[in-house]
Number of protein chains: 2
Amino acid sequence: MPNISRGDVFASACPSRQILQHVTSRWGGLVLIALREETLRFAQLRRRIDGISERMLAQTLQVLEGDGLILRTDHGEVPPRVDYTLTPAGREISARVFALSDWIEENLPELLALTPNAAAQTVQ
Amino acid sequence: MPNISRGDVFASACPSRQILQHVTSRWGGLVLIALREETLRFAQLRRRIDGISERMLAQTLQVLEGDGLILRTDHGEVPPRVDYTLTPAGREISARVFALSDWIEENLPELLALTPNAAAQTVQ
DNA sequence: TGGGATACTTACATTGTTGTATGCACTTAC
DNA sequence: GTAAGTGCATACAACAATGTAAGTATCCCA
């Protein structure tokens with residue numbers, strides 16, 4: 001079996017492509033950003049990330065946990081208390097996803113000015 | 001009408017969320033990374049990005065062009081010659097998407113070691 | 001004279017993603 | 001006692017994303 005020294009996202013079969021996909025999925029990135037500074041519980045994440053459904057949050061968390069990027073801690077209490085933190089690898093990735101989203105947030109006015117079409121301009 | 005000073009990706013209606021989505025879409029990120037260092041023609045991009053279909057490449061390019069991140073130049077020749085470059089804003093974003101993918105590529109062995117499930121390990 | 005390359009577009013079918021609604025077992029607050 | 005909160009799982013339906021295949025006009029090469 002081949003030893004891999006580094007990935008190549010341009011190769012469709014490379015696992016790095018899948019990981020990249022997970023962390024840039026519709027909700028994956030937002031979850032990582034939300035956990036960047038603090039450990040959060042399920043319901044807190046749900047409230048923080050506007051528009052996410054419980055189903056999608058649960059699914060996204062499982063994928064990221066499966067990739068070893070977040071850590072799930074079940075306190076075994078009733079009513080349930082479970083919280084989520086980033087692992088070291090998760091923190092690295094989160095920082096980079098945040099750098100991207102932060103740049104977009106900061107430069108949004110300029111970005112909106114660039115777009116001739118109204119598509120991305122839809123405030124509201 | 002409200003003046004926006006910066007975006008907020010956590011708000012579902014914020015345009016920054018849509019832009020983030022575009023640049024982290026299945027093919028959007030790869031296109032931006034591919035154009036990071038050089039201007040490329042349609043067919044070159046197609047060959048570079050393993051697995052993308054013509055349909056998806058065309059669509060992705062249009063979205064990113066609509067966001068003002070890439071510039072399309074049609075030389076008006078026959079047979080057709082068209083090439084794509086990043087705009088200044090596109091370069092900024094591309095650099096950040098690349099930082100993310102590059103970290104993943106470089107740390108792929110460690111990342112694979114983290115995953116207990118075989119899902120992300122599927123080489124081949 | 002036939003085949004491949006170029007940069008797409010369009011129609012159609014399939015697959016994948018996402019939302020909605022419901023249920024669970026139990027607690028605390030009103 | 002009633003409602004709301006907790007962290008999910010599950011079934012189902014709707015919708016969005018994607019792939020496949022074909023077509024376009026022209027050129028170059030063998």
Side-chain angles (χ1 to χ4, degrees), chain A residues 9 12-13 17-31 34-35 38-67 70-85 119-120 122, chain B residues 9-10 12-13 17-31 34-35 38-67 70-85 117 119-120 122:
Chain A
V9 288
S12 63
R17 183 120 135 200
Q18 285 154 235
I19 297 177
L20 182 61
Q21 221 134 259
H22 293 167
V23 305
T24 61
S25 67
R26 176 152 187 202
W27 304 113
L30 295 175
V31 167
L35 291 175
E38 36 176 356
T39 295
L40 291 174
R41 300 177 60 177
F42 186 87
Q44 293 178 310
L45 279 166
R46 173 126 161 74
R47 282 186 292 258
R48 185 79 211 280
I49 303 171
D50 186 29
I52 196 171
S53 66
E54 293 197 346
R55 190 185 175 287
M56 277 301 103
L57 179 54
Q59 195 174 111
T60 302
L61 288 168
Q62 285 167 8
V63 169
L64 296 177
E65 194 197 354
D67 286 341
I70 68 181
L71 192 66
R72 188 187 107 110
T73 309
D74 186 342
H75 295 274
E77 301 175 3
V78 152
R81 185 158 73 89
V82 177
D83 46 42
Y84 294 91
T85 330
T122 317
Chain B
V9 289
F10 284 119
S12 62
R17 183 120 135 200
Q18 284 154 232
I19 297 177
L20 182 62
Q21 222 132 260
H22 293 166
V23 304
T24 61
S25 67
R26 177 155 186 199
W27 303 113
L30 295 175
V31 167
L35 291 176
E38 35 176 357
T39 295
L40 291 174
R41 300 177 60 176
F42 187 88
Q44 291 177 312
L45 279 165
R46 171 128 163 73
R47 282 186 292 257
R48 184 80 210 278
I49 303 171
D50 187 29
I52 198 172
S53 64
E54 294 197 345
R55 190 185 175 289
M56 277 301 104
L57 179 55
Q59 195 174 112
T60 302
L61 288 168
Q62 284 166 9
V63 169
L64 296 177
E65 195 198 353
D67 286 341
I70 68 183
L71 192 65
R72 188 188 107 108
T73 309
D74 186 342
H75 295 273
E77 300 175 4
V78 153
R81 187 161 71 90
V82 176
D83 45 42
Y84 294 91
T85 330
N117 59 334
T122 317

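These values consider heavy atoms only, across backbone and side chains, with no hydrogens, waters or symmetry-generated copies. First the proteins, then the strands, lettered A, B, ... as listed; each starts at 1.
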- State which of dC8(C), dT6(C), dG7(D) makes the closest approach to the side chain of A43(B).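 Shortest atom-to-atom distance from the side chain points to dT6(C).
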Name the closest nucleotide to the P79(A) side chain, picking from dC26(C), dC8(D), dT9(C).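 Nearest nucleotide to the side chain: dC26(C).
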Between [atom1] of [X] and [atom2] of [Y], what distance do you get to the nearest 0.5 Å?
{"X": "I70(B)", "Y": "Q62(B)", "atom1": "CD1", "atom2": "CD", "result": "9.5 Å"}
{"X": "R46(A)", "Y": "I52(A)", "atom1": "CZ", "atom2": "CD1", "result": "8.0 Å"}
{"X": "L35(B)", "Y": "L40(B)", "atom1": "CG", "atom2": "CG", "result": "5.5 Å"}

Rounding to an integer number of Å, can you tell me how far [X] [atom1] sits from [N] [atom2]?
{"X": "Q62(A)", "N": "dT10(D)", "atom1": "CD", "atom2": "C1'", "value": "12 Å"}
{"X": "R72(B)", "N": "dC8(C)", "atom1": "CZ", "atom2": "C1'", "value": "9 Å"}
{"X": "R48(B)", "N": "dA7(C)", "atom1": "CZ", "atom2": "P", "value": "17 Å"}
{"X": "L45(B)", "N": "dT6(C)", "atom1": "CG", "atom2": "P", "value": "12 Å"}
{"X": "L57(B)", "N": "dT20(D)", "atom1": "CG", "atom2": "C1'", "value": "16 Å"}
{"X": "L40(A)", "N": "dT6(D)", "atom1": "CG", "atom2": "P", "value": "13 Å"}
{"X": "D83(A)", "N": "dG7(D)", "atom1": "CG", "atom2": "C1'", "value": "12 Å"}
{"X": "E54(B)", "N": "dA5(C)", "atom1": "CD", "atom2": "C1'", "value": "11 Å"}

With sequence neighbours left out, the residues meeting salt bridge (Lys or Arg N to Asp or Glu O under 4.0 Å) with R55(A) are none
Using the closest heavy atom to pick a nucleotide of DNA chain C for each, name whichever of D74(B) or V78(A) lands nearer the 5' end.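 By nearest-heavy-atom nucleotide position, the 5'-most residue is D74(B).
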Within the 4.0 Å heavy-atom criterion, would you say [X] contacts the bases, only the backbone, or no part of the nucleic acid?
{"X": "R41(B)", "answer": "sugar-phosphate"}
{"X": "Q44(A)", "answer": "nothing"}
{"X": "E77(A)", "answer": "nothing"}
{"X": "R46(A)", "answer": "nothing"}

Q. OP1, OP2 of dC27(D) versus side-chain N and O of R81(B): anything below 4.0 Å?
A.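 For dC27(D), neither OP1 nor OP2 has a side-chain N or O of R81(B) closer than 4.0 Å.
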- Message: Less than 4.0 angstrom between a side-chain N/O of R47(A) and OP1 or OP2 of dT6(D), yes or no?
- Response: yes
- Criterion side chain to side chain contact (heavy atoms under 4.5 Å, CB included) on D50(A) and F10(B), from CA distance to verdict: CA-CA 6 Å; D50(A) 186 29; F10(B) 284 119; 5.6 Å; no
Notebook entry, point to check: Looking at side-chain heavy atoms only, is the closest gap between Y84(A) and R41(A) below 4.5 Å?
Noted result: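 Not touching, per the 4.5 Å side-chain cut-off.
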Pull out every protein N or O sitting under 3.5 Å from an N or O of nucleotides 13-19 of chain C, one pair per line with the distance.
from, atom 1, to, atom 2, distance (Å)
dT18(C), O4, R55(A), NH2, 3.4
dG19(C), OP2, S53(A), OG, 3.3
dG19(C), O6, R55(A), NE, 2.9
dG19(C), O6, R55(A), NH2, 3.4

Between F42(B) and L57(B) the two heavy atoms that sit nearest each other are O-CD2, 3.4 Å
